Amino acid sequence: MSYDGKTLKEKKKKIDYSAAWREARRIVWERRRRLLLGLLLLLVNRLAGFVLPSSSKYLIDNVLGQGNAELLGWLALAVILATLVQGATTFALSQILSVAAQYTIAEFRKAVERHVVRLPVSYFDSTKSGVLISRVMSDAEGIRNLVGTGIVQLLGGIFTAVLALAVLFWLNWGMTVVLIVVLALFGAGVGMVLKKVRPIFRERGKIQADVTGRLGETLGAIRTVKAFRSEKHEDRIFAHGVHRLFRNVASTITALSGTMAISNVILGAAGVTIMWWGGRAVLAGQMSLGDLIMYIFFTAMVAGPVVQIASIGTQISEALAGLDRIHEVRGMATEIDHDRERQPLPSISGDVAFEEVWFEYEEGVPVLKGVSLAADAGTTTALVGSSGSGKSTLISLILAFNRPQKGRVLVDGKDLASVRLRDYRSFLGVVLQDNVLFDGSIAENIGYANPRATRDEVIEAARIAHVDEFAESFEKGYETIVGERGVKLSGGQRQRVAIARAIIADPAILILDEATSSLDSESEARIQDGLSRLRRGRTTFVIAHRLSTIRSADQILVLEDGQIVERGTHARLMALGGRYKELHDKQYRLESDLFINPGEDFSVDEDERAQAARRGHGH
């Protein structure tokens, strides 16, 4: 995998921060009261911070210069009180703004996650999970600089700089004019740096998403990586991504260090100005020594906030870059958005029909070509055909994961495009070939399809699916943790849990995609009874490569090249002598070549059958 091609495309994309600014203003406005309170506390904090530098003039001119010892105690008291006020307001600020900012980040993450999981399935097919994780977790983190101390410190820094500047004008306006010119040069330099840094921050988020996504894929498929000895290959891919991230961060550091270098030069220029101009003013009697010392302190109180403003400006730029990326995702319409325009579906009987359905993933390359079918409520429809014939795509349309480009998918005579997806999917149950279990207990995974299910209902579903045979042998029984993706269970055990999960959903329409593919013949014999009970009274669609498992289907559809080429019962299709019989006989011969009793059903996938056949014919 290479990151470079994607990077070039993203660099060409014009960055528009207007939406990010709108989102930032909305976030700030919703928390305006807390921010105003924080700003008030910060102003008190900054005013208290003026006491110490202001006292320097009176210490030097009045106490040391004139020997006024009585004033020393008052000055010390004022400084102590000011320090206490600063300490109290600093603590209050951390509680009011910093903690509140973390709460806002948590709420924002929840809002982004709610939006992401409701996006259409087609979006996830074309977007890496690492990108979406980055949007939810990393990009949301930046808003602390908007609702935390960032904005407030920015305003507080401006307030401090303006007030300190007023004092400097009062002490020596001529020297202050020169100082303003120097600081203006500094501000211009910072502005140039920020303009350069902003797109770099945006690019960093995308690189992190790429690297995180690939690392997640690698760790999730670690058995495949090790089986093919691909550790070094994954090392190279990860190293390439990390080096891209390093170069991005290095560019940021260079830009920020340039800002600090400029600030040091500016501060040096300010120091020379004060030393030369201020020294001459003291010698000429235009300023006292206390005035000069106070001027130096207040110059730092102007320069400090300016440097801080530059730093906060960079942080806010990073926050806006994150908000811009989040806006791209949140700007996409969710399934719920589409559902608002659709009709509710309170109940269904389960009639499913396709009317001249065409579908394509890539423009100009149709996967389904004018498919029409009718499945009456309570019947079983089996889909057979070679790999790539369109079986899984047809199932995807029934699940409403995709929409046809032409034609209609009907449920109880209603166009699926006109009914609410959330209502419709409440009547669906699915058992896939590669079922995903979550890192929870066996009971939690069974009850996932129906959170309101009782413990007795969970155990009954487990009994029907023969989960009880292995679950009760574990020390913790149904509370046994299955691990990420169910890794602690065997393939057959995971399949049984998935079947139990479908049972407890009590669906009107059931999808079985190679539901017994991971079971040995003994387990399958037991599970077929559970599946038969599950299918009873439900509209069922079955994808099966092993044709002996679908002989009892009410109708069998044979798909080739995106079209239904044959349809009928097992007996009718065998009598027809067409494609179905060809597939059936080929499978029968392969089983014979493997010295397998044709009356038994063994789980051997097509590649294994083909290899065994080649070995058998070779002898």
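Excluded from the calculations below are hydrogen atoms, water molecules and symmetry mates; all remaining heavy atoms, backbone and side chain alike, are included. Just so you know, these numbers come straight off a predicted model, no measurement behind them.
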Just so I know, are the side chains of [X] and [Y] near enough to count as touching, which here means a heavy-atom distance under 4.5 Å?
X: V121; Y: L399; answer: no
X: R501; Y: L437; answer: yes
X: R236; Y: H233; answer: yes
X: R496; Y: E469; answer: yes
X: H570; Y: I556; answer: yes
X: L368; Y: P404; answer: no

Closest heavy-atom pair and its distance - [X], [Y]:
X: A461; Y: I446; answer: CB-CG2, 4.3 Å
X: L383; Y: L559; answer: CD2-CD1, 4.2 Å
X: L573; Y: G568; answer: CD1-O, 3.7 Å
X: S372; Y: I564; answer: O-CD1, 3.5 Å
X: L428; Y: A505; answer: O-CB, 4.4 Å
X: D513; Y: S392; answer: OD2-OG, 4.4 Å

Which residues share a ring pair (Phe, Tyr, Trp, His ring centres under 6.0 Å) with Y361, sequence neighbours left out: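 Listed in chain order: F359.
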
Taking everything shown except [X] itself, do over 12 heavy atoms lie less than 6.0 Å from its [atom1]?
X: Y448; atom1: OH; answer: no
X: Q405; atom1: CD; answer: yes
X: K369; atom1: NZ; answer: yes

Derivation of the side-chain contact (heavy atoms from CB on, under 4.5 Å) call for R538 and D506: CA-CA 9 Å; R538 295 182 170 90; D506 191 24; 2.3 Å; yes

side-chain contact (heavy atoms from CB on, under 4.5 Å) between F541 and V352, worked out: CA-CA 10 Å; F541 289 87; V352 176; 3.9 Å; yes

R403 side chain to L416 backbone, donor-acceptor under 3.5 Å: yes

Side chain D351, main chain A377, donor-acceptor under 3.5 Å: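 Judged by distance alone, yes, a pair lies under 3.5 Å.
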
Identified salt bridge (charged side-chain N to carboxylate O under 4.0 Å, His left out) partner of E335 from the options R422, R420, R425: R425

Side-chain H-bond candidate by donor/acceptor type, T381 with Q555, under 3.5 Å: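 Indeed, the side chains of T381 and Q555 share at least one donor-acceptor pair under 3.5 Å.
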
K110/E113 ion pair, N-O < 4.0 Å: no

Partners meeting salt bridge (charged side-chain N to carboxylate O under 4.0 Å, His left out) with R567 (sequence neighbours left out):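 Residues passing salt bridge (charged side-chain N to carboxylate O under 4.0 Å, His left out) with R567: none at all.
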
Derivation of the side-chain contact (heavy atoms from CB on, under 4.5 Å) call for F354 and L373: CA-CA 5 Å; F354 278 48; L373 64 90; 3.8 Å; yes

Working for side-chain contact (heavy atoms from CB on, under 4.5 Å), residues I348 and T539: CA-CA 11 Å; I348 64 172; T539 307; over 6 Å; no

